Each structure stands twice: as structure tokens, then as C-alpha cells.
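Remarks on the structure that follows.
Since we're looking at a predicted model, the values are computed, not measured.
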Amino acid sequence: QLQLMESGGGVVQPGESLRLSCAAGYGFTLDGYNLGWFRQAPGEEREGVLCIRPSDDFTIYADSVKGRFTISRDNANRRVYLQMNSLKPEDTAEYYCAAIEDRWGGCTLYAVGMKYWGKGTLVTVSS
């Protein structure tokens with residue numbers, strides 16, 4: 001089954017930017033998958049951040065990140081990216097990449113709607 005691997009997490013100061021990357025495992029492509037980024041802060045439930053669908057790259061955003069975060073996909077390189085700008089301390093969380101085949105479900109910010117998950121990468125925003 002599809003494997004996903006996130007990278008790019010780290011410690012940044014408020015107002016700075018960071019780009020996360022999620023790669024498909026060897027032998028897999030991301031064509032035909034809805035791709036999402038989710039995050040989970042300590043003691044909190046996992047929340048959806050953005051999702052991009054394969055047919056037209058239509059994207060849905062959580063209100064908390066609109067205007068600051070963007071998602072993009074590079075099917076040729078089997079990657080999806082999360083560009084995070086103007087980071088805030090409340091963006092601190094473990095960030096997860098997730099996917100579901102378009103034939104099984106549409107783009108969603110509900111974790112229950114995703115089928116495949118990476119193991120996460122930690123983003124800490126602190127001064």
C-alpha cells in the first residue's frame with residue numbers, strides 16, 4: 001500500500017517560513033490521490049490543514065491557515081509540499097501527510113476521511 005514520508009520540520013521563530021515535503025514510497029506515484037496535510041498539537045485532536053485533489057488541484061483550507069499556508073503537488077517527483085509562511089506559535093504541532101485514492105473519497109479536512117498516513121514531522125514555532 002502507499003507509503004508516505006514527511007520531511008522538513010524544525011524549529012523556527014514566529015513570522016518565519018518553512019516548507020514541508022511528503023514523498024511517496026518507492027514504486028508509488030501520487031497520481032489519482034487526494035493529498036492532505038494534517039497537524040496535531042500535544043493534547044489536541046488531529047486537525048486538517050489543507051487538501052488538494054488530483055483532477056484540478058482544487059484546494060480546501062482550514063480557516064486558521066488561509067493566506068499563510070499553501071499546498072502543491074509534484075506528481076513527476078512523487079511529492080506534495082506544504083509551504084508555511086508567517087508562522088505563529090500556535091502552528092506548533094506534528095505535521096502529517098495523508099492521502100486517499102480519488103475513487104474512494106474526496107478531499108477532506110477530516111482525518112477519518114484519509115486512508116494513508118505518514119509518520120509525521122515536528123514543527124516548533126518559538127522565540
Legend entry - Pairing of D91 and R68 as salt bridge, 4.0 angstrom limit: yes
Inset, instruction - Salt-bridge test for E94 and R39: reply yes if a basic N is under 4.0 Å from a carboxylate O, no otherwise. - result: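 No, E94 and R39 are not salt-bridged.
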State the [atom1]-[atom2] distance between [X] and [Y], to the nearest 0.5 angstrom.
| X | Y | atom1 | atom2 | result |
| --- | --- | --- | --- | --- |
| I60 | L50 | CD1 | CG | 8.5 Å |
| L2 | L30 | CG | CG | 6.5 Å |
| E47 | S64 | CD | OG | 5.0 Å |
| C107 | F58 | SG | CZ | 8.5 Å |
| Y95 | M84 | OH | CE | 5.5 Å |
| W37 | C51 | CH2 | SG | 12.5 Å |

Inset, instruction - For the pair N75 (side chain) and R78 (backbone), establish whether a donor and an acceptor sit closer than 3.5 Å, ignoring hydrogens and angles. - result: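 Not confirmed, N75 side chain does not pair with R78 backbone.
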List, one per line, each side-chain donor-acceptor pair under 3.5 Å for residues 10-27, sequence neighbours excluded.
{"residue": "E16", "atom": "OE1", "partner": "Q13", "partner atom": "N", "Å": "3.0"}
{"residue": "S17", "atom": "OG", "partner": "N85", "partner atom": "OD1", "Å": "2.9"}
{"residue": "S21", "atom": "OG", "partner": "R79", "partner atom": "NH1", "Å": "2.7"}

Legend entry - Among I71, D74, I52, side-chain contact (heavy atoms from CB on, under 4.5 Å) partner for Y81: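 Only one option passes, and that is D74.
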Legend entry - R46 NZ/CZ over Y96 ring centroid, <6.0 Å and within 45° of normal: yes
Inset, instruction - Kindly work out whether a path of hydrophobic side-chain contacts (I/L/V/M/F/W/Y, heavy atoms less than 4.5 Å apart) joins V49 to M114. - result: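 They do not share one cluster, since no chain of ILVMFWY contacts under 4.5 Å joins V49 to M114.
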Identify all side-chain donor-acceptor contacts of residues 116-127 below 3.5 Å with residues at least two apart in sequence or on another chain.
{"residue": "Y116", "atom": "OH", "partner": "E101", "partner atom": "OE2", "Å": "2.6"}
{"residue": "T121", "atom": "OG1", "partner": "G9", "partner atom": "N", "Å": "3.1"}

Inset, instruction - For atom CD of E90, decide whether the heavy atoms of other residues, nucleotides or ligands shown that lie under 6.0 angstrom number more than 12. - result: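 Counting neighbours around CD of E90, more than 12 heavy atoms of other residues, nucleotides or ligands fall under 6.0 Å, so yes.
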Inset, instruction - Would you indicate whether the side-chain heavy atoms of F69 and L82 approach each other to under 4.5 Å? - result: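 Heavy-atom side-chain distance check passes, below 4.5 Å.
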Inset, instruction - Determine whether N34 and T108 make a side-chain contact, defined as any pair of heavy atoms from C-beta on separated by less than 4.5 Å. - result: no
